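Data first, discussion second: the structure below is written as structure tokens.
Just so it is clear: chains get the letters A, B, ... in the order the sequence lines come, proteins before strands, and each one is counted from 1. All figures in this text were calculated on a predicted structure; none of them were measured in a lab. All heavy atoms count here, side chains included; hydrogens, waters and symmetry mates do not.
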Amino acid sequence: MSLLKIKLSFSGGIELLFDNIKQKSVEIPSSINPPNSTTMKDLISWMKDNLLKERPELFMSGDTVRPGILVLINDSDWELEGELEYEIKDGDDIVFISTLHGG
Amino acid sequence: MCSIQEETSLDLNVKFKPTTKNCVKCKTAKAIILIRHSTYCKKCFQHVFVGKFRKNVEKSRTASSYGSGEKIMVGFSGGPSSRAMLQLINEYNEAIPHKRVYSEIVVCHIDESLLLNQKSTIPLIEQSVRKYNYPFIGLYLQDIYNSDVTKSGFYNSVIEIEIDAKISQQKDPTESPAEKLSNLLNNISNLTVKEDFIWYLKLCYLIDTARKNGCTRLFLGDCSTRLSIKIISLTSKGRGFSLPLETSGETNWFEDVIITRPMKDMLSKEIGIYNQFAGLDDVYVQNVTSMMHAKASIERLTEDFIVGLEKEFPSTVSTIARTGAKLTPSDSIMKENRCVICLMPYQENNKIWQNRIIVMTIPSSQQSNGCNDIQLNCSKNTTSGGCINGCNDTSNDESMVNAEFADSLCYACRVDIRDIKITNKKIILPPYVAEGVEERKKKINRKQMRKHIEEYLLCSEEEL
Ligand SMILES: [Zn+2]
Ligand SMILES: [Zn+2]
């Protein structure tokens, strides 16, 4: 199975849930749910199983990220990229920004 | 063609799915951001974002009598909104270097790390604002207990809340400011009340610092998402009377320090994206409800509710914020009816009204005098004999001073005070509170004296 190399970034406090690491390069299977290609939905649940250190309820709500967490895929709002259905590509740069508690 | 088929087979979601992927403004560039129902390219997004800021600061400029050359203070929490605000203020002020709008910009951060037993946030914050070369003031929240954080600049008598909800005014006890603040906040188990206290202590400290540094304006970074959360939570906490002052784009309630909220029209989503594009790294500062479940406090619950609603109905925040903006301060707001804790206005005779509808007396204090459960015992300094409020230590006078204190609180603060658990630790309110009580009393005395001698006076009221 081939792997996709992607860059994940965290800010706005969400990094605390990921071992306080702001940036991380990871390799994920190109098809987490064969035969389909890996989507954002797969990535989020993969992150939950492999990266999330604590309190999944602060990161996730159902099978998506919690409201108030922004996701940018290659500097583009994921709401314009198909959100959960977006198919991850090798080299993607994905940013998670928490806007909760902003002030 | 298969691509066309794909587009038509989109399932009909409740949520808006943009049909065009081009920017609604320039119509040519590929859209990369969805704000409410509009799609923007990067350039247009930034243009619109900066425009909202400028519109607000320019409005506040013409509204004030100061014009140019004003010295301002930026309240800087380090969070995304204040981070973006500082950058925008800087760009705005440096646009025409020889014609600066603000003569001086002071950045002020209040460190509340004590409450979380964490290390100070000041070094990190100072580092993140260093590149602007603005004077930086880093304060510790506990230092609000210093006698110079008062109107007079030196006021060392404080109000103590004692066992059986007795409150005494006395000479500043020897505990350190950090101990005093911890004692107060650790004895409030209700997080809503705790957040309330922290916020108003911070606000009072900011106003005081701005005033003493000659700043005529204080910029606060509340964005529209934050403000709509505030509008709902203030209402549910019984702070509706002061709500217009606490959420408006500008208020002169603090007279010599005008509060401006230039970020009031930006969503937290817009701010997060702007910071990401501008490479502005915010400092994540934890507060007492960080990482807590949604029901931890009214504020947290409201945040959860509004942010969740906004996800499905992207006009939620703007609708609440616009409705809130229509609220204007009540005509019955009077400068002299200022709560001594939160400094917000209270309704005239709010106590009478409150006593009528709320059971205020707790069993342990019923025998004291029935009318309320807060007692103020006044004894500034044992050696000077009697206190500044002119009362002796007899229990009768105690309840009188007690009533005076209760009278100088707004409805919400009076409710908050009741949540302070009395332990064997000394629970003390900062000196500015005691100073406020004294000031209020003096004003009332002057009024009463005037009444007595009115008929002998020849001059008009203004001359007195
Ligand atoms: Zn455009
Ligand atoms: Zn109050």
Side-chain angles (χ1 to χ4, degrees), chain A residues 7-23 37 39-41 44 52-87 92-103, chain B residues 15-18 21 30-35 39-40 42 45 75 77-84 199 220-223 225-226 229 263 267-273 275-277 280-287 289-294 299-300 303-312 314:
Chain A
K7 197 176 110 191
L8 302 176
S9 311
F10 305 100
S11 71
I14 200 167
E15 62 273 21
L16 293 183
L17 304 174
F18 293 93
D19 231 4
N20 218 353
I21 290 166
K22 291 213 135 191
Q23 274 182 3
S37 323
T39 60
M40 272 306 285
K41 185 178 167 184
I44 290 168
L52 199 61
K53 293 295 170 196
E54 52 182 318
R55 315 286 299 276
E57 76 277 11
L58 295 181
F59 178 58
M60 292 181 73
S61 161
D63 55 6
T64 187
V65 295
R66 215 176 130 201
I69 295 176
L70 304 179
V71 183
L72 296 180
I73 303 169
N74 302 321
D75 263 359
S76 181
D77 191 346
W78 80 323
E79 294 189 59
L80 293 175
E81 301 289 338
E83 290 189 51
L84 293 173
E85 286 104 70
Y86 174 83
E87 287 180 12
D92 273 351
D93 191 345
I94 302 170
V95 185
F96 295 87
I97 307 167
S98 172
T99 65
L100 299 163
H101 279 305
Chain B
K15 229 192 109 185
F16 167 81
K17 283 259 159 77
K21 290 244 180 159
K30 180 181 177 271
I32 57 158
I33 300 147
L34 175 69
I35 301 293
T39 53
Y40 296 97
K42 190 170 178 174
F45 163 75
S77 71
S81 195
S82 58
R83 185 68 196 82
W199 164 245
L220 296 180
D222 300 291
C223 65
T225 311
R226 183 90 227 123
I229 293 168
M263 311 296 282
L267 294 166
S268 57
K269 176 174 182 176
E270 293 171 81
I271 291 168
I273 291 172
N275 285 354
Q276 178 69 22
F277 288 163
L280 300 176
D281 212 7
D282 51 83
V283 179
Y284 179 66
V285 177
Q286 266 187 288
N287 65 25
T289 56
S290 297
M291 316 281 280
M292 290 231 182
H293 59 92
E299 196 96 8
R300 277 283 297 108
E303 179 183 48
D304 215 63
F305 171 67
I306 289 181
V307 173
L309 210 54
E310 175 83 2
K311 177 91 185 142
E312 297 305 320

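- Heavy atoms only, all atoms of each residue included: A/D77 and B/K269 are closest at OD2-NZ, 2.7 Å.
- For B/E310, no part sits under 4.5 Å from any heavy atom of chain A, backbone or side chain.
- For the pair B/K21 (side chain) and A/L80 (backbone), a donor-acceptor distance under 3.5 Å is present.
- With a threshold of 4.5 angstrom between heavy atoms, A/E15 approaches chain B through side-chain atoms but not through N, CA, C or O.
- Looking at heavy atoms from C-beta onward, B/E270 lies out of side-chain contact with A/T99 at the 4.5 angstrom threshold.
- Heavy-atom pairs under 4.5 Å with chain B were tallied for A/D75, A/L72, A/L17; the largest tally goes to A/D75.
- Remark: B/F305 CZ is loosely packed, at most 12 non-hydrogen atoms of other residues, nucleotides or ligands lying under 6.0 Å away.
- Taken from CG in B/L267 to CG in A/L70, the straight-line distance is 10.0 Å, to the nearest 0.5 Å.
- Interatomic distance, CD of A/E79 versus CD1 of B/I33, reported as 11.5 Å (0.5 Å rounding).
- With a threshold of 4.5 angstrom between heavy atoms, B/I273 approaches chain A through its backbone and through its side chain.
- Using a 4.5 Å cut-off between heavy atoms, B/N275 makes no contact with chain A at all.
- Few gaps surround NZ on B/K42; more than 12 heavy atoms of other groups in view lie less than 6.0 Å from it.
- A/S61 contributes atom OG, which lies 9.0 Å from atom NZ of B/K311 (distance to the nearest 0.5 angstrom).
- B/R300 CZ to A/L100 CG: the interatomic distance, rounded to the nearest 0.5 Å, is 7.0 Å.
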